[in-house]
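Computation of the quantities below employed the complete heavy-atom set of this structure, encompassing side-chain atoms and omitting hydrogens, waters and symmetry-equivalent molecules. In what follows, chains are A, B, ... by sequence order, proteins preceding strands, each numbered from 1.
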2 protein chains.
Amino acid sequence: MREKRKLSQKQLGIDAGIDPSAASPRMNQYETGKHRPDPNMTERLCQVLGVPVAYLYCEDDDLARVVASFANLNDKDKRKILSMIDQIESLEG
Amino acid sequence: MREKRKLSQKQLGIDAGIDPSAASPRMNQYETGKHRPDPNMTERLCQVLGVPVAYLYCEDDDLARVVASFANLNDKDKRKILSMIDQIESLEG
DNA sequence: CCACTAAGAGACTCTTAGCCG
DNA sequence: CGGCTAAGAGTCTCTTAGTGG
């Protein structure tokens, strides 16, 4: 049971380890696309958000959906998805 | 039918639009992790490689597999995967 | 509290010029 | 040809200081 808090930009940054005095502008620069976080910060932000890093880079909504969901499946369900893909590709690839 | 060429680091960079005189060191800096490409270059490299940008950020091999495959499926097969995920989540979420 | 911005110090990348198998 | 590296000019981010809802 994952819990979903509502975070401000600033609080998200603080939770990811940014100095509280700098978290607000820094997070805002990320959200508005003015600057981008380095790989370590990207990783930490994703951990706080509970999504894989790849999720941030999904331009397509369906792909984003798949990435976010797959990461939280148990092993058995992951294997189910993977074997379905195998099957589709063996028929059409 | 996707074709899979074998590219040198340099040639991949050239195909993505980097000046040929700088492509070799620049691509090598990306591959060794010394520097990272800006978002435009990341996009171009992924277009040349035929993978979604998200693929580069998959730390987990299974997730990488899903991302690379899903992006190349037709709409019907994408919907098949998506509805399977819906079903799994409605049972266990 | 919230979201957001400007500007400068400091950190980063890209280019040039190379080495080595 | 291939992969790879150092170093400096130029570019970008992070912090500080601040605005306004």
*Write down the distance between CG (A/Asp38) and C1' (C/dA11), rounded to a whole number of angstrom.*
10 Å
*How long is the span from the NZ atom in A/Lys76 to the CD1 atom in A/Ile81, to the nearest 0.5 Å?*
13.0 Å
*Indicate, with a heavy-atom threshold strictly under 4.0 Å, whether A/Pro25 touches base, sugar-phosphate, or nothing.*
base
*Side-chain heavy atoms under 4.5 angstrom apart, residues restricted to Ile, Leu, Val, Met, Phe, Trp, Tyr: same cluster for B/Ile14 and B/Val48?*
no
*Salt-bridge present (B/Arg65, A/Glu89; N to O < 4.0 Å)*: yes
*Between atom CG of A/Asp86 and atom CG of A/Leu91, what is the distance when rounded to the nearest 0.5 Å?*
11.0 Å
*Between P of C/dT13 and CG of B/Asn40, the distance in whole Å*: 16 Å
*When you match B/Pro37 and B/Ser24 each to their closest nucleotide on DNA chain C, which lands nearer the 5' end?*
B/Pro37
*Inspect the surroundings of CG in A/Asn74 and state if more than 12 heavy atoms from other residues, nucleotides or ligands are less than 6.0 Å away.*
yes
*Where does the chain A footprint on DNA chain D start and end, counting 5' to 3' with a 4.0 Å heavy-atom cut-off?*
D/dT13 to D/dA17
*Mind listing the residues from residues 26-36 of chain A sitting with a heavy atom below 4.0 Å of DNA chain C? Number order is fine.*
A/Asn28, A/Gln29, A/Thr32, A/Lys34
_Crowding at OH, B/Tyr30 (>12 non-hydrogen neighbours, <6.0 Å)_ = yes
*Would you mind reading off the distance between B/Ile14 atom CD1 and C/dC14 atom P, rounded to a whole angstrom?*
16 Å
*Mind checking the CG-CG spacing from B/Leu49 to B/Leu56? Nearest 0.5 Å is all I need.*
7.0 Å
_Verdict with supporting geometry, B/Asp75 and B/Lys80, salt bridge (Lys or Arg N to Asp or Glu O under 4.0 Å)_ = CA-CA 9 Å; B/Asp75 285 351; B/Lys80 243 162 134 180; over 6 Å; no
